[in-house]
Amino acid sequence: MSGSIYQRQHRHYDRGYHSKESQASLSQYQSSSRYAAASSTSATSRSRGLKLSTHSGLEESRVSPLPKRSKPSYLAVDKDNQIIGYVVPIFRGSQEFASGLSDTEEKRLRESTAYMARRDLFSTGVAMERSEHFSRKETMRETAERISLNKRIHEHGEHFKRMNEDSLMHAPDFVIKPRSHTVWENQCVRLHCTVSGWPDPRAVWYKNNVAIDPLASPGKYKLESRYNVHSLEINRCDFDDTAQYRVSAMNTQGELSAFASVVVKRFKGEVEESLPVPRHGPVSEYGITFKTHIVDTFGVSFGREGETMSLGCTVIIYPHLSRYQPEIQWYRDHVLLTDSKWSRMHWSGDRATLTLTHLNKEDEGLYTLRVTTKSGYETYSAYVFVRDTDAEVEGAPGAPLDVCCLDSNKDYIIVSWKQPAVDGGNSILGYFVDRCEVGTTHWIQCNDTPIKFARFPVTGLVEGRSYYLRVRAVNKCGMSRPSRMSEPVAAMDPADRARMRGTSAPWTGQIIVTEEEPSEGIVPGRPLELQVTEATKNYVVLSWKPPGEKVLEGVMYYVEKCVSGTDSWQRVNTEIPVRSPRFALFDLAEGKSYSFRVRCCNSAGVGEPSDPTETTTVGDKLDTPSAPSKVIPTRNTDTSVVVSWQASHDAKELVGYYIESSIVGSNAWVPCNNKPVKATRFICHGLMTGETCVFRVRAVNAAGLSQFSEESEPVEVKAAIGGGIPHASPTPPYGISVLECVRDAMTLAWKQPTFIGGADITGYFVDYREVIDGVPGKWHEANIKSVSDRAYRVTDLKENKKYQFQVRAANMAGVGIPSLPSDTFLCEEWTIAVPGPPYDLQIREVRSDSLVLLWKAPVYQGRDPVNGAYVDIKEADAPEEAWRGVNTKAVEKTFLKIKNLKEGETYVFRVRAQNKAGVGRASEVTDPVQAETKPGTTEIVVDVDDDGVISLNFACAELNADSKFVWSKDYEELTDETRLTVETKGNLSKAIFNTPAEEDIGIYSCFVTHTDGVSASYTLSGEELKKLLEISHDHKFPIIPLKSELAVELMEKGRVRFWLQAEKISANGKVEYVFNDNVLSQGEKYKMNFDKNTGVIEMIMEALTPQDEGTFTFQMQDGKATNQSSLVLIGDVFHQLQKESEFQRKEWFRKQGPHFVEYLSWEVTPECCVVLKCKVGNMKKETSALWYKDGREVKAEEHLGFTEGVLKLEIAQISKKDAGVYEVILKDDRGKDTSTLSLIDQDFRDLMNEVFHVIAKSSTPLKITSTAEGIRLYTFVNYYNDLLQVTWQYKDSAIAFSDRVKSGVVGEQLWLQITEPTEKDRGKYGIEFHDGKGNLVRSVELSGQAYDDAYAEFQRLK
């Protein structure tokens, strides 16, 4: 509140009119609001960083008639009290500043003065009475007004209390406090909070209790305060931004603070300092905006090793302030440079100079000068090339470069370097590493033999001392010059180095890191996460983590190794344990495999070992990279060429690439760079204008240099743009239209310029201006960085305001002139349900009766997603009513082939998109196009070459130097080379299918840039793809047809025959016989035969041995046609075949003399005689046949003849004594043969079971007879054997024999005697013969009449 309620209600109110009491009351009532206003003014001044001496008693003077005022000062000073400008004060009335009194106060003073004068001049009573009367009247009036004013003030206060029971004013309160963040380096972080309070609190941000001034660090901090939400944004955080941040909110009722911490983490090993992020837009400080210009610049420079080079630029800063110092920084390859023995930087006030005192190849790179002021910065860059100095020995290689330390400990330093680009014409044999102790000048060679790997462990060091390192290369001609020596490296334990380095933070100075109180007397646990981080043939590096438990006293480590395949662990560092969790092992046998483990130890003892590592084989695991490919040179300037290439495939730990150039026909290659570049694009400078050059590239890593890539196509060194073209920059775009509009942004589209200036358009820039009452304002840039698409979203516009736009196109030559201003567009949010217009309409493949129209989907989708589009067509000169639709059904794709055009007619087209709500606005109309097939028009041709490769081929006769073939699938540019590989040579471009499959089905098109719309397409359908695949297979894999596959069969004498039959093969056909990938040849073991008339291919082996187990393959070739057939003989299949072959072989030899056709066997005759017999063959009179039992000859009772070819031995009554092994031997002068028959144990039991079976079958039915003793049951058999087992049964149960019931055998009769039978003996009786098979039972029924008759006969005979 800036005034009382009376003042706000009565404009004539003047504080000078009231008495001092009224003024005092009013001053007390307004004190709070004045304090708020003064605080706000003071805070505003402080926030701008200015110290202003202003009229501080201005408000107070309006209440007090005699204010104390200081002399006003409006100078702007900086922190050092240096005058840098002035501040224009707010206008006020000059009379008030001159006198310090208001008009009413001056009037009262004049009246008082007049009264004194009148009293002196007129001393009459009348005059005195009038004067006193007037004074009393004035006093009464003032008293009445004072009483009235106090009453109004009291009433207003009571009303305010009634309306605001809790009081409207209150101190700040944090609704949402800022929270802490942990971020990675180079990320952005945003702290924000929400504060309530009345009056609205003002927020001030502090970093470690120091107020943050965004203008002091342009682009670093961004402060925002909107709707009680206050935020602090920190851009590209670095380690110095780690701090405690405080936000303080204050108003007239109080102040409150909240805290948050920001921790910035850095990736391990990341020390790179990059160029800061550019600031967008000028920053005005203290009323001054600096403009920086860098002139008199240095160009691309060339130097030689050992020389001194100076780079300098003149810097003009406007306005010029004598004491203002800009920040001057130099960068090499985006890494900040500092003063060192190798580089010196100087700033003279208007010129920045960088002096490279002693050039080495490490100094090669892109140098950038960066001049930073309070309003922004400017940069300038140029490349510096450093060539090798002359070698001390002719033909010696160049010096290595970038020698640095990879790892170090108290007894070793692992050094790495980069290989030189120049090898002197002979391959580099290796490298020698030298060391020099700091403080001395004596260099010592560290290795006796040259090493090829660009890493080497330097040993034999003294702990605690520092060393310089350098490397020399050697080839067969001699030694190179030494490299630039490295930075000094200390030989000490990393743990000691970390303790010496200490830990600090930017806001508290030194931080003392204290460990947890050690636990005395406790043996430490196992180390964790042990792993091999690096392994070469010279060393192995291990790393691990300390035990996870509580910090222990003096923890150190022992490292142990174990040769793979053994359980013997050997301690490596036996003398002194290491303190850091990293260790390098040397003196390991190359080619052997090792496992490693680590133990912790302290004064309490040695702990348990860690888990061992995986087996590691000692050797260089890193392979040299593969050669780069697809080297493409492009003209750049009169002395430079841009070379690009495809990176090496699967390259590991890639260091970079070396590029070489050669003048065509000279065969002399010159390095273009002496320091490896990691990008796949490089500008080769220093070339001769007009010469035709070729280029090649090779990759490098620690293992060595790759092979060179294939040579590029020749290119003439001359400027890329020019050649008589009067305007190299593009003409203006046109046809600016609005695609979408929201409250504060509009999306625009435009058409490509009609003339692009002889080079591809690299991007577009959009400008906008506000139009107020038809009057356009100033143009503003919408985008700082160019956009490649022909559409852009312009943001930060004002709702319901009108704007115009213009677009400029850019190419390599520069930015063209802007387009004509667009129509005036109103920035208001679109709410229509249908979609917006499509855009970027393009016409391709124009023929006499058809063309293809392409477009992009609308940016504004409407209420629902776009589900299709309609294309309209009309003749170019036809009226608007002539528009007609091309398609009756909406197309979902963003292209359409329009057919049935009239040849020679000129057409225009437009597109309308639709969604569920309906069809939206039409797009911009295309340029007119005539339906005609231009002379020389070609189409895409599909081809399948002799190797079966399917390709699409397109030729263009209208190419110029900048034309490019652009291939698309379904009219979307192909960028993924996994499916298609594009090759272009001259005026022919070929799209090769890598692995044709169903996913390749589609429409393929090719468009040639920088031509008059040359384009064509080819539709690859599923059926067409199938045909092409069949043709490709026939071309790629022609085969020799087979009638039969490879088979195996056994021949006479056990020989093995492998064979197959080809259906057709010419006389030039060849066959290779392969066994387990080894080619077989004709010899004693293998007999090969190839009948080209019948196509039968065979291989015969005399016998199979265990070494012949495997895979047999016949490989055939007849011209380009091939085929093969394999037969796998392993496992049981092979063993069975080998066994059968061996058997057949033995059988053949056996049958050459007397032999058994059927081997010895037995049979049982019906008379229960056992006959041993065998069938023999190839017998003659002199052949003898001898029988043996258990090795003893058996004499036959009669002469045996061989007429029937059967030998027999009959055993009439077989018994246990006949068990044994029977053998028959045939023998004469041709040889002998043996047949053996075993009749023991189970074999004898099987024989006897057969005998018992015959006996059982010969048994007669069971009969009943009576004797004087009782009733007898009996049966007869042909022959009874004592070994025969029988069981007599009664009612199917075995009979328990007694004196009354007995059984026996008489001759061939088996009987059962029932003495003195009774009625209980009635029932079914049977006898069971046991023959080891199914057993035979003979039964009879002794009951009923049969029992009565038998019992009656028994009684009679009794």
Side-chain angles (χ1 to χ4, degrees), residues 1050-1055 1103-1106 1132 1135-1255 1279 1281-1284 1331-1333:
L1050 292 176
M1051 301 175 65
E1052 187 183 54
K1053 202 178 178 179
R1055 293 186 298 172
L1104 285 178
T1105 64
D1132 294 339
H1135 296 310
Q1136 184 176 356
L1137 181 64
Q1138 182 190 19
K1139 184 178 179 181
E1140 183 66 22
S1141 173
E1142 187 66 24
F1143 174 76
Q1144 294 287 353
R1145 184 178 179 81
K1146 290 181 179 180
E1147 283 291 292
W1148 186 86
F1149 283 106
R1150 185 176 66 86
K1151 293 180 179 179
Q1152 300 308 304
H1155 63 276
F1156 293 93
V1157 178
E1158 293 180 1
Y1159 287 97
L1160 195 59
S1161 63
W1162 55 262
E1163 69 176 1
V1164 180
T1165 65
E1167 292 78 16
C1168 296
C1169 291
V1170 175
V1171 178
L1172 304 184
K1173 63 178 182 177
C1174 58
K1175 190 174 182 179
V1176 297
N1178 201 12
M1179 303 286 286
K1180 63 180 184 178
K1181 292 182 179 181
E1182 292 79 11
T1183 303
S1184 63
L1186 301 177
W1187 288 83
Y1188 293 87
K1189 175 179 179 289
D1190 296 332
R1192 300 176 66 180
E1193 186 177 354
V1194 178
K1195 298 295 184 180
E1197 296 180 356
E1198 58 180 288
H1199 179 72
L1200 298 177
F1202 303 107
T1203 55
E1204 298 180 358
V1206 177
L1207 295 178
K1208 295 182 180 180
L1209 176 63
E1210 184 176 334
I1211 305 174
Q1213 295 181 355
I1214 191 167
S1215 61
K1216 287 185 177 181
K1217 66 179 182 178
D1218 297 319
V1221 178
Y1222 293 83
E1223 184 179 19
V1224 180
I1225 298 177
L1226 303 177
K1227 184 169 59 174
D1228 60 18
D1229 56 350
R1230 296 170 298 171
K1232 72 174 183 177
D1233 196 7
T1234 303
S1235 179
T1236 303
L1237 179 64
S1238 175
L1239 292 180
I1240 58 176
D1241 297 332
Q1242 185 62 39
D1243 295 327
F1244 184 75
R1245 286 193 290 272
D1246 292 341
L1247 173 61
M1248 293 308 297
N1249 285 335
E1250 182 64 25
V1251 172
F1252 298 153
H1253 182 68
V1254 173
I1255 293 174
Y1279 166 75
N1281 191 288
D1282 294 338
L1283 300 177
L1284 178 63
D1331 57 2
K1333 296 180 179 180

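Just so you know, residue 1 is the first one in the sequence shown, and it goes up from there. The basis for the numbers below is simple: all heavy atoms, side chains too, and nothing from hydrogens, waters or symmetry mates.
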Distance (rounded to the nearest 0.5 Å) between Leu1207 CG and Leu1186 CG: 10.5 Å

Side chain Lys1189, main chain Ala1219, donor-acceptor under 3.5 Å: yes

So do Lys1173 and Ser1161 actually touch side chain to side chain, heavy atoms under 4.5 Å? yes

Are any of the side-chain heavy atoms of Val1170 and Glu1250 separated by less than 4.5 Å? no

Do Val1251 and Leu1284 touch side chain to side chain, with heavy atoms closer than 4.5 Å? no

What pair of heavy atoms forms the shortest contact from Ile1214 to Asn1281, and how long is it? O-ND2, 2.7 Å

Going from CG on Asp1331 to CD1 on Ile1255, what distance comes out if it is rounded to the nearest 0.5 angstrom? 10.0 Å

Phe1244 side chain reached by Met1248 side chain, heavy atoms, under 4.5 Å: yes

Are Pro1106 and Gln1138 close enough that some pair of their side-chain heavy atoms sits under 4.5 Å apart? yes

Side-chain touch Lys1180/Asp1229, heavy atoms, less than 4.5 angstrom: yes

Assess, by modelled atom type and distance only, whether the side chains of Gln1136 and Glu1140 contain a donor and an acceptor separated by less than 3.5 Å. no

Do the non-hydrogen side-chain atoms of Leu1237 and Tyr1159 ever get within less than 4.5 Å of each other? no

How about Ile1211 and Tyr1222: do any of their side-chain heavy atoms sit closer than 4.5 Å? yes

Exactly one of Arg1150, Lys1227, His1155 clears side-chain hydrogen bond (donor to acceptor under 3.5 Å, both in side chains) with Asp1233, and that residue is Arg1150

